S.K.: 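Right, I'll just put the structure down here and ask away after.
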Number of protein chains: 2
Amino acid sequence: MRPTVNDIARAAGVSLATVDRVLNARPGVTEKTVQRVNAAIDQLGYVRDVTAANLARQRRYRLTFVLPEAPELFVATLRDALAEAGRSSAADRTEIRTLSFPAGNPHALVRTLRTLNSANTDGVAIFAPETPHVRDAILRLKSDGVPIVALVSDLPNTERDHFVGIDNIAGGRTAAFLMGKFHGKRGGSVMVLVSSMQARDNVERRLGFDQVMAESFPEIEVLPSLENHDDEDITARVVSEVLDARPDLTGVYSVGHGSRALVEVLRAHHRARQLTIVAHELTSVTREALRSGDIDAVVSQDVGHIVRSALRILRAKIDGVGIVPGQERIRIEIVVRENLS
Amino acid sequence: MRPTVNDIARAAGVSLATVDRVLNARPGVTEKTVQRVNAAIDQLGYVRDVTAANLARQRRYRLTFVLPEAPELFVATLRDALAEAGRSSAADRTEIRTLSFPAGNPHALVRTLRTLNSANTDGVAIFAPETPHVRDAILRLKSDGVPIVALVSDLPNTERDHFVGIDNIAGGRTAAFLMGKFHGKRGGSVMVLVSSMQARDNVERRLGFDQVMAESFPEIEVLPSLENHDDEDITARVVSEVLDARPDLTGVYSVGHGSRALVEVLRAHHRARQLTIVAHELTSVTREALRSGDIDAVVSQDVGHIVRSALRILRAKIDGVGIVPGQERIRIEIVVRENLS
DNA sequence: ATGAAAGCGCTAACAC
DNA sequence: GTGTTAGCGCTTTCAT
């Protein structure tokens, strides 16, 4: 039988209330008593039953997800995963609220963040680019005692409690490895399409991609980044231009979270099948393009895992308990036609 | 505020005990009362608090894992994952017991299974080949009311409650896709090394592999399976023979759970780098061989995920609650040098 | 500074 | 058949 607070109380010769005070590091206990209780705790090997504690405490976890209002399908899949998680969240006493801000509008984002405080939320998960004002808003929330996790794109200068997403440099390296290996030993040139060089994840992916292309596949020329700012018209135009200008093109690397316009243009030009195409994020578009053979490989991250992980981590931070690191490591998934779930 | 049993009792005009009886489908309640309680339940939108129920019930989950005593590193990684899970299992009132049987000894396995019953275990996870006696032993356990999940290799004729592992046909298809794509458009021949054609997962992988090689890469010849029965000496010998007999060999597909001897022989013959090599399961050996470039790709399954999933599913079956399918889907992971955790 | 006692949402004896 | 009551392991007033 596992020892309970009662066993500790008896062993230490104090009351339940005192044990509880020590357990929760609350003031009003003599140092000597604290010692005695702690001695009993590790002598009996006590581990507190978090579920019982939460029951007594009537704990609810009011968690807020802050997501961009963006056209990319990836964000939609993330929202779907969140909605799915919301369905079973009542069972874990979790209330999920989602706040949206227009992508690329840091002011709106900051305004949104300003509405949040420890009185109305117990934890925040945020998918947003890091700008100075955003950083300040997050620091304020943190100092208000609200745990924060960064989703998908890290916010390294905000003291966020955790980053839930893939290592994007390694993601770019993986994309390059696949590009090089699928490409074959002949020379060629690869177009790189990014959504924005402001987005940290995009920059990191491009960096990793360049590293491996240079190291391992020097015979392939990597063209300068084309920025599309997540605008499908821009994408259509710049991709068309390159396609016309470079009949020798052999590959395309789509760095950002959206690939719809790219796939459409490549198909219209009848170039998709001859090119080696590597994209990021599994969405209805990339899924279908993998199936048809238009895209060769997708480097992805499991949005369901990201959401569940964010929830677990926030709850753990709120409860002040540890996490299982292995369970929270978001893997860099490689998806090809044959392992398409 | 979420409604509680008290609210239901009040609304239905009955006592707590009666609500509890209805909730747990226990006998001794008039049909009419049942109706009234159920009406109140869905009128108030009641969802039972499973943690509170488990607290009151003092529920412990005594779970048994039955694993082969096998030389392959993969089994060792599975055991490690289990040990890791065991460390935090006290928090979820779960007691994990591991039973081992000598690989390839169905009698010993059956003897082990016979020691199990509903009095000494609440759920069983088993990684073993399906033989008639094994099937009977499992059916007996099932009819004793013990939930069963099959790990890694399915036991489809045993009415196991769930299979926790990858779709091995798709796993073989994935391996073939990588083999073909990495191989390049020249002809060639691929050696296939299986551990045993008795093992269902091996057979399925080989099947999937052949499908895709025939469909998509007909220019590559796929050689007949070489069985090694997980014996490293046999592996060394047969691989050496083929290597000598087929200087035109261009690829190797390692189907089984172990690849140590294979990697060693290929290195000794200085053939690893020129060949396209695809193996299964991420272990210290395949990890190192990916890093060195000796193995090109590994098709794997996350053992940590497998173990956590098995635990969640068994607990859910015991509690009679549902699972989140997306969370329990074991992904077919593709691991290359650059996304090596 | 410490303790007694009630209660969180649910289950399970034991009455009636 | 149905209700009363005492917990499960922990937290939290409110006394002392």
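Throughout, protein chains are lettered first and strands after them, A, B, ... in sequence-line order, and every chain is numbered starting at 1. In this text, all values refer to a predicted model and were calculated from it rather than measured experimentally.
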S.K.: Please check if the side chain of B/Thr121 supplies one atom and the backbone of B/Arg62 the other of a donor-acceptor pair under 3.5 Å.
M.R.: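 Answer holds: yes.
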S.K.: Using a heavy-atom distance cut-off of less than 4.0 Å, which residues of residues 34-41 of chain A contact DNA chain C?
M.R.: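 Residues of residues 34-41 of chain A that come under 4.0 Å of DNA chain C do not exist, since none gets that close.
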S.K.: Under a 4.0 Å threshold between the charged nitrogen and the carboxylate oxygen, would B/Glu130 count as salt-bridged to B/Arg200?
M.R.: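 Salt bridge absent between B/Arg200 and B/Glu130.
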S.K.: Spell out, as yes or no, whether a donor-acceptor pair under 3.5 Å connects the side chain of A/Thr18 to the backbone of A/Val14.
M.R.: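 Side chain of A/Thr18 to backbone of A/Val14: no pair is present.
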S.K.: Hey, does the side chain of B/Arg97 reach the backbone of B/Phe65 with a donor-acceptor pair shorter than 3.5 angstrom?
M.R.: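 Judged by distance alone, no pair lies under 3.5 Å.
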S.K.: Provide the full list of side-chain hydrogen bond (donor to acceptor under 3.5 Å, both in side chains) pairs with a residue in residues 50-59 of chain B, sequence neighbours left out, each pair given once.
M.R.: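 Passing the test, one end in residues 50-59 of chain B: B/Asn24-B/Arg57, B/Asp49-B/Thr51, B/Asn54-B/Tyr61, B/Arg59-B/Asp319.
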S.K.: Using a 4.0 Å heavy-atom cut-off, write out nucleotides 5-16 of chain C from 5' to 3' as B (base contacted by protein), S (sugar-phosphate only) or - (no contact).
M.R.: --BBBBBB-B--
S.K.: Any side-chain to backbone donor/acceptor pair from B/Asn120 onto B/Asn117? Under 3.5 Å, distance only.
M.R.: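 Yes, B/Asn120 side chain to B/Asn117 backbone: donor-acceptor pair under 3.5 Å.
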S.K.: Look only at the side chain of B/Ser89 and the backbone of B/Thr94, and say whether a donor-acceptor pair between them is shorter than 3.5 Å.
M.R.: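 At least one qualifying donor-acceptor pair exists.
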S.K.: Between the main-chain N or O of A/Ile138 and the side-chain N or O of A/Arg160, is there a donor-acceptor pair closer than 3.5 Å?
M.R.: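 Not at all, since once roles are kept as given, no pair shorter than 3.5 Å links the two residues.
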S.K.: Please answer whether the main-chain N or O of B/Lys32 pairs with a side-chain N or O of B/Thr30 as donor and acceptor at a distance below 3.5 Å.
M.R.: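 Judged by distance alone, no pair lies under 3.5 Å.
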S.K.: First and last nucleotide of DNA chain D in contact with chain B, 5' to 3', at under 4.0 Å to a heavy atom: what are they?
M.R.: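 Contacts span D/dG1 to D/dG9, reading 5' to 3'.
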S.K.: Can any side-chain N or O of B/Arg111 pair as donor or acceptor with the backbone N or O of B/Pro106 at less than 3.5 Å?
M.R.: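 Not at all, since once roles are kept as given, no pair shorter than 3.5 Å links the two residues.
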S.K.: Does a salt bridge link A/Asp20 with A/Arg26, judged by any charged N lying under 4.0 Å from a carboxylate O?
M.R.: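 Salt bridge between A/Asp20 and A/Arg26, a charged N being under 4.0 Å from a carboxylate O: yes.
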S.K.: Indicate, with a heavy-atom threshold strictly under 4.0 Å, whether A/Thr51 touches base, sugar-phosphate, or nothing.
M.R.: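 No contact.
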S.K.: Over all strands shown, is B/Val14 touching base, sugar-phosphate only, or nothing at heavy-atom distances under 4.0 angstrom?
M.R.: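 It contacts sugar-phosphate atoms only.
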S.K.: Donor-acceptor check, side chain of A/Asp144 to backbone of A/Ser118, threshold 3.5 angstrom: yes or no?
M.R.: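 Checked: pair present.
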S.K.: Roughly how bent is the helix from C/dA1-D/dT16 to C/dC16-D/dG1 end to end, in steps of 10 degrees, with each end axis from five pairs?
M.R.: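 Between the first-five-pair axis and the last-five-pair axis there is 40°.
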S.K.: According to the ring-ring contact (aromatic ring centres under 6.0 Å, His included) rule, which pairs have a member within residues 31-55 of chain B, sequence neighbours left out?
M.R.: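 Found none.
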